[in-house]
Amino acid sequence: PDFDFFEYGPIVSFAKLEDNNRIFAIVCPYDYVEEVQTNVLFYELKGKQWVLISKFDNTEEVNYFKVIDLNNDGVREIHSIGYPNVNGNFNNYFYSYSKAENEFINGGGFYSGVFEFKPKQSRIEAYYMGSWYMPNIKTIYHWKNNKHHRHKAENRSKEVVRYFVLLLR
């Protein structure tokens, strides 16, 4: 059958963030209409009803979602993955659930197609693959709880190493 790239439905994922009975749904109502703001919606299953608990504006299309424990604390975070460009780079966004506020928190993101999660060190090593006019860049993101921490940049020949902090409340 023919596949029309512009006529398919929303991206929906289901997740258990901890080893308990709470089930969450993450929805990106897919829409290629530029005038319409794309959102990422977070629901929790309560009884037999899905209850909206958080909503974030998203300017990039979502290819899929996955869950990963970024800081080795036993609570998984949501990783939103976009579509790659010709160099293989794509948008990566992270969301974390706050029990205290009963909502999801936008934990930030980066633009790269090659990255490695290091949960025991609470960090992500991302490599921007560059292009004919941009250098290859390695960035280390630390996943920390409300701590603003930025390391100074280091230049290493043609590879630039940057350090940033993704914030998690």
Side-chain angles (χ1 to χ4, degrees), residues 5 10-20 22-28 30 38-42 54-101 103-169:
F5 186 75
I11 306 298
V12 180
S13 295
F14 300 93
K16 287 177 92 175
L17 302 181
E18 296 181 84
D19 293 330
N20 59 26
R22 296 180 78 182
I23 299 173
F24 297 93
I26 307 98
V27 179
C28 183
Y30 215 88
T38 303
N39 298 302
V40 177
L41 309 169
F42 294 89
S54 295
K55 174 182 171 182
F56 296 98
D57 290 340
N58 185 25
T59 58
E60 303 296 329
E61 286 81 21
V62 174
N63 189 0
Y64 61 95
F65 295 101
K66 56 186 209 177
V67 293
I68 184 159
D69 186 355
L70 289 173
N71 54 357
N72 208 31
D73 66 352
V75 179
R76 294 177 285 276
E77 286 75 35
I78 305 296
H79 179 193
S80 166
I81 298 153
Y83 287 94
N85 68 3
V86 299
N87 296 328
N89 296 304
F90 50 87
N91 284 303
N92 296 272
Y93 294 101
F94 298 90
Y95 304 93
S96 181
Y97 179 71
S98 168
K99 287 182 192 178
E101 298 176 24
E103 67 181 20
F104 278 84
I105 297 162
N106 185 343
F110 59 86
Y111 189 69
S112 173
V114 178
F115 47 87
E116 182 179 357
F117 295 114
K118 297 196 172 188
K120 290 184 180 175
Q121 297 152 344
S122 297
R123 74 185 213 184
I124 304 165
E125 294 182 3
Y127 302 88
Y128 173 73
M129 300 316 289
S131 65
W132 69 273
Y133 60 90
M134 290 291 294
N136 292 334
I137 300 170
K138 177 181 179 183
T139 307
I140 299 180
Y141 298 92
H142 292 274
W143 191 255
K144 296 198 177 193
N145 189 14
N146 267 344
K147 293 181 182 173
H148 300 261
H149 182 72
R150 178 180 269 181
H151 299 279
K152 66 179 183 175
E154 298 176 20
N155 291 327
R156 293 184 183 164
S157 64
K158 291 186 177 183
E159 182 175 301
V160 179
V161 180
R162 296 183 298 171
Y163 298 89
F164 294 98
V165 176
L166 292 174
L167 299 176
L168 169 64
R169 288 199 304 204

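- By the ring-ring contact (aromatic ring centres under 6.0 Å, His included) test, F42 is found to be paired with F56, Y95, F104, residues two or more places apart in sequence or in another chain being considered.
- For Y64, the side-chain contact (heavy atoms from CB on, under 4.5 Å) criterion is met by K66, I81, not counting sequence neighbours.
- Applying the side chain to side chain donor-acceptor pair (under 3.5 Å) test to R123 and every residue at least two apart in sequence or in another chain returns E125.
- Shown here are the side-chain contact (heavy atoms from CB on, under 4.5 Å) partners of A15, two or more places apart in sequence or in another chain: L17, I26, V67, I78.
- A 4.5 Å side-chain heavy-atom check between N72 and K118 finds every atom pair outside the cut-off.
- Taking each heavy atom of D69 and G74 in turn, the nearest pair found is OD2-N, 2.8 Å.
- Summarising the geometry, atom OH belonging to Y97 is positioned 8.0 Å from atom OG belonging to S54; distances are rounded to the nearest 0.5 Å.
- The two atoms that bring N91 and Y93 nearest to each other are CB-CE1, 3.7 Å, heavy atoms only.
- Pairing each heavy atom of S112 with each of N89, the nearest pair is CA-OD1, 3.8 Å.
- Remark: F117 engages I68, L70, H79, F94, F115, P119, I124 in a side-chain contact (heavy atoms from CB on, under 4.5 Å) (not counting sequence neighbours).
- For E18, the side-chain contact (heavy atoms from CB on, under 4.5 Å) test picks out N20, V75, K99, with sequence neighbours left out.
- The shortest heavy-atom contact between V62 and Y83 is O-CE1, 3.7 Å.
- Residue-environment remark: NZ (K16) exceeds the threshold of 12 foreign heavy atoms within 6.0 Å.
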